[in-house]
Amino acid sequence: MSASEHIAPELPEAARKIAAGYAPAGEAVELGALLWEGQCHADAPIRLPLAMLNRHGLVAGATGTGKTKTLQLIAEQLSDAGVPVFLADVKGDLSGISAPGETGETGEQGEAAGKVRERARQVGQRWEAEGFPCEFYALGGHGAGIPLRATVTDVGPLLLAKVLQLNRTQEQSLGLIFHYADSKGLELADLKDLRAVVAFLVSDLGKDELRGIGGLSTATAGVILRSLTALEQQGAGGFFGEPAFDTRELLRTARDGRGLVSVLELPAVQDRPRLFSTFLMWLLADLFHDLPEAGDVERPKLVFFFDEAHLLFDGASKAFLESVVRTVRLIRSKGVGVFFVTQSPQDVPPEVLGQLGSRVQHALRAFTPDDAKALRETVKTYPRSEYRLEEVLTQLGTGEAVVTVLSESGVPTPVAATRLRAPRSLMGPVGADALERAVKSSPLYARYAEAVDRESAYERLSAEQQAAEEAAVRAAREVELAQEAEAGTASASEPPEEEPSAAQQVVGSAVFRSLARSIGAQLGREIGRSLFGTAGRRRR
């Protein structure tokens with residue numbers, strides 16, 4: 001007897017074959033139930049093998065079709081299986097995953113609970129309200145959450161160039177600046193450190209420093225400095241600094257063994273999409289740098305949901321895109337799965353889309369010729385299907401999707417129209433008071449709450465500049481005394497011969513001399529950067 005004959009025998013043979021493709025032997029995420037000819041079949045479940053979640057995925061669909069609830073549904077089950085999850089909460093409605101879902105009987109809560117119970121009945125789900133262990137973060141403390149920061153050195157030139165919207169030439173110049181700072185042991189903790197290094201390199205003292213490795217034009221330096229100033233004026237300065245976030249915090253589990261759900265609250269920075277999308281990419285690059293090779297695993301170490309993924313690729317340079325592709329391809333071997341979440345598969349470059357083994361496609365709209373073209377292109381990316389996908393994709397209801405995943409043998413499953421299960425946690429944000437209590441009760445709050453401004457490039461360069469200025473004043477005074485002595489009016493006493501002259505002190509205190517001496521103290525510093533030019537952070 002074939003595998004398909006064990007599943008929903010009342011279904012047509014074609015539908016049974018589809019359902020048979022979603023019956024893995026191992027652990028799996030329950031997505032929902034098969035839709036066939038307008039009917040939902042609870043006895044034909046659609047599952048995503050847990051072992052295939054590090055092969056990455058895509059959740060796509062028009063606004064209002066249920067993408068956020070799909071993320072919540074998958075995240076809940078991953079947490080139950082002991083797998084940590086990272087969620088970027090762009091709209092501010094994912095904090096509810098920490099609280100049980102609505103169970104009321106009357107009013108709006110009762111209506112919502114009734115819809116959930118009806119959905120559970122349709123898909124054969126035993127629904128019980130439940131909250132999940134969460135940590136809440138916010139970029140640089142902008143919003144409710146544990147402040148999440150990175151140093152400029154950690155982020156690196158390639159990612160920062162995208163935030164600053166630099167062109168290719170300016171991006172290369174920024175890379176030269178980072179290389180110089182690395183070689184001289186100048187810590188770039190925050191934006192004022194980077195600004196100080198740029199200003200120094202176009203000064204009279206700094207120009208000579210770059211002759212051996214290529215120059216930095218005044219015009220390019222001006223563009224970079226103006227971009228840094230604009231970024232700070234937007235309030236983004238707080239995202240760069242210390243204490244820098246240790247991305248290994250995302251890999252934790254709760255005391256009860258469930259995976260911790262890390263929610264990055266982003267509503268406060270929605271108007272800076274390049275910043276938060278690039279920051280998310282830094283998190284992935286830093287994880288890649290730190291994690292050991294794991295190969296194929298029974299369950300992933302972390303599943304990372306990258307919401308509003310199109311923002312990552314808007315205006316991306318060729319070098320940036322190549323780095324994204326390499327990260328997605330290689331981080332799988334570290335046991336990390338990445339799901340890109342966006343409105344249309346066309347938002348994701350083909351080079352990245354080809355790396356995504358699982359697809360959950362919610363409804364698409366075809367109101368315009370461009371929409372219709374995007375719909376046809378989307379259909380072409382699916383395996384051969386028993387459905388008329390162009391029709392199905394425009395007729396799906398909220399909370400329904402077309403699904404194909406990788407089976408346990410690594411083969412794409414048949415395309416299945418699916419009515420998705422209902423999340424068990426609250427489908428909406430928790431109250432501000434509850435969120436604040438959760439943040440301040442976290443053991444991480446004391447570690448990351450307060451920013452630290454220790455000595456770094458800005459302080460070192462400022463101190464050297466001040467020393468050089470003081471030496472110049474002393475040199476001028478010595479010249480004046482010498483002239484007075486020649487005229488017979490100077491004092492008879494002369495500085496001891498063993499003392500260096502003030503002119504020699506000027507040379508000895510020049511910034512580039514001081515920096516050159518620092519090379520020996522910085523031997524062993526990692527100059528080579530990981531995939532995105534991000535530096536390996538020195539763990540404390």
Can you list every ring pair (Phe, Tyr, Trp, His ring centres under 6.0 Å) pair that touches residues 68-92, not counting sequence neighbours?
-> Phe86-Phe304
Rounded to the nearest 0.5 Å, how far apart are CG of Leu87 and CD1 of Ile74?
-> 10.0 Å
Given side chain to side chain donor-acceptor pair (under 3.5 Å), test Glu135 with Ser262 step by step and report yes or no.
-> CA-CA 5 Å; Glu135 288 278 20; Ser262 299; over 6 Å; no
Grab the two heavy atoms, one from Ala416 and one from Ile46, that are nearest each other, plus how far apart they are.
-> CB-CD1, 3.8 Å
When rounded to the nearest 0.5 angstrom, what distance separates CG in Leu406 from CD in Glu408?
-> 11.5 Å
Please check if the side chain of Lys334 supplies one atom and the backbone of Phe288 the other of a donor-acceptor pair under 3.5 Å.
-> yes
Asp89 side chain vs Gly92 backbone, donor-acceptor pair below 3.5 Å = yes
Answer yes or no: is there a donor N or O on one side and an acceptor on the other, between the side chain of Gln170 and the main chain of Asn167, under 3.5 Å?
-> yes
Is a side-chain N or O of Asp286 found less than 3.5 angstrom from the main chain of His289, in a donor-acceptor match?
-> no
Do Arg359 and Tyr382 meet the cation-pi criteria used here (NZ or CZ under 6.0 Å from the six-membered ring centre, within 45° of the axis)?
-> yes
Could you tell me the separation between the CZ atom of Phe239 and the CG atom of Leu191, rounded to the nearest 0.5 Å?
-> 10.5 Å
Inter-residue atom distance Leu356.CG - Thr381.OG1, 0.5 Å rounding = 10.5 Å
Side-chain donor-acceptor pairs under 3.5 Å in residues 47-61, sequence neighbours left out?
{"from": "Arg47", "atom 1": "NE", "to": "Glu30", "atom 2": "OE1", "distance (Å)": "3.4"}
{"from": "Arg47", "atom 1": "NE", "to": "Glu30", "atom 2": "OE2", "distance (Å)": "2.7"}
{"from": "Asn54", "atom 1": "ND2", "to": "Arg332", "atom 2": "O", "distance (Å)": "3.2"}
{"from": "Arg55", "atom 1": "NH2", "to": "Asp296", "atom 2": "OD1", "distance (Å)": "3.3"}
{"from": "His56", "atom 1": "ND1", "to": "Val338", "atom 2": "N", "distance (Å)": "3.0"}
{"from": "His56", "atom 1": "NE2", "to": "Val328", "atom 2": "O", "distance (Å)": "2.6"}

Between Tyr137 and Phe245, what is the ring plane arrangement, given parallel below 30°, perpendicular above 60°, and tilted in between?
-> perpendicular
Please answer whether the main-chain N or O of Ser217 pairs with a side-chain N or O of Thr220 as donor and acceptor at a distance below 3.5 Å.
-> no
For the atom pair CZ (Arg226) and CG (Leu164), what is the distance rounded to the nearest 0.5 Å?
-> 12.5 Å
Rounded to the nearest 0.5 Å, the CG atom of Leu420 sits from the OG1 atom of Thr418 at a distance of 6.5 Å
Is there a donor-acceptor pair under 3.5 Å between the side chain of Thr327 and the backbone N or O of Ala285?
-> no
